[in-house]
Amino acid sequence: MPYKFTFDLSKVPRFFFTEIARVSYRKGMHKTFLKNLQDIITKFRIQEATGLNLSDAVVLLQDLIDLQAVNLLERGKFMQAKKRALFLPHCSRKYMDNRCKAFFDASIPSYTCAHCSKDCLVNKADRLAKKKGYDVYVLPGASCIPKILKMGRYEGVVGVACGEEIKLSGEILSDTDIAGQAIPLIKNGCANTAFNMDTLVKTL
Ligand code: SF4
Ligand code: SF4
């Protein structure tokens, strides 16, 4: 399920994400956590950069921090995982129409990238992950995940999606012994979305 608002953090300074990681690490130690969120929103001019109102910006930031905190908790177990999969969102394909030459397997359901466009984020991520031994799925939504997990017997998964979809995926993984790592979209909207390739490289 998408957020009720759209955002684009692609022009926000990289230091913003370092700050998110720092606050995630210290989360729980602060009684003034909400105040911290508001300070970060002001410091990085998130409302000006995204056009979000304060409460939506707080929701977004809270989700980014929560998922980063879970990433930190799961990292050790994930590093031990031998059989891994990468889940990419279909909305990050360069094209959402028939110019995308990906093969759609309705029985999974998942797309398999056909590498038609060099500058497509999904193409780049797919090539990178496969080189590292990952199985790659390009998913229309988190509801496809249980079937894939059942078929693949994975020990670790990396999921790229907007915060709302990552929350759904987290609920699915919490019923399993699989270690998860999440990478949030930095631009949502269900088409032409974006994630950070450097973050993906580090996570894989
Ligand atoms: S590179 Fe892959 S995912 Fe991107 S548009 Fe082409 S087939 Fe689709
Ligand atoms: S932004 Fe992408 S990952 Fe999030 S709900 Fe829309 S299609 Fe799914």
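Note that this is a predicted model, so its numbers are computed, not measured. Counting convention: from 1, in listed order, for ligands and their atoms alike.
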### Message
Looking only at the side chains, is there a donor atom on one of Arg75 and Asn71 sitting less than 3.5 Å from an acceptor on the other?
### Response
no
### Pairwise side-chain contact, Phe16 with Leu64, heavy-atom cut-off 4.5 Å (strictly under)
yes
### Query
Rounded to the nearest 0.5 Å, how far apart are CZ of Arg99 and SG of Cys116?
10.0 Å
### Query
Got an N, O or S from Cys91 under 2.8 Å of atom 2 (Fe) of ligand 2?
yes
### Query
Closer than 4.0 angstrom: is that true for some heavy atom of His90 and an atom of ligand 2?
yes
### Task
Can you sort out which atoms of ligand 2 are near Cys162, meaning under 4.0 Å from one of its heavy atoms?
1 (S), 3 (S), 4 (Fe), 5 (S)
### Task
Give the single entry among Ser169, Cys190, Ala142 that approaches atom 1 (S) of ligand 2 most closely by any heavy atom.
Cys190
### Query
Quick one: CD1 on Ile186 to OG1 on Thr50, what's the gap to the nearest 0.5 Å?
13.0 Å
### Query
Would a distance-only check, ignoring hydrogens and angles, find a side-chain to backbone donor-acceptor pair under 3.5 Å from Lys187 to Asn192?
yes
### Task
State plainly whether the residues Glu164 and Lys167 are in salt-bridge range, i.e. N to O under 4.0 Å.
yes
### Residue pair Ser117 / Asp119, side-chain donor-acceptor N/O under 3.5 Å
no
### Message
Apply the hydrophobic cluster definition, ILVMFWY joined by side-chain contacts under 4.5 Å directly or through others, and give me every member besides Leu204.
### Response
Phe78, Met79, Leu86, Leu88, Phe104, Tyr111, Leu121, Val122, Leu128, Tyr134, Val136, Val138, Val158, Val160, Ile183, Leu185, Phe195, Met197, Leu200, Val201
### Ligand-residue contact atoms, ligand 2 with Glu165, heavy atoms, under 4.0 Å
3 (S), 4 (Fe), 5 (S), 8 (Fe)
### Task
Could you grab the protein N, O or S atoms closer than 2.8 Å to atom 8 (Fe) of ligand 1 for me?
Cys100 SG
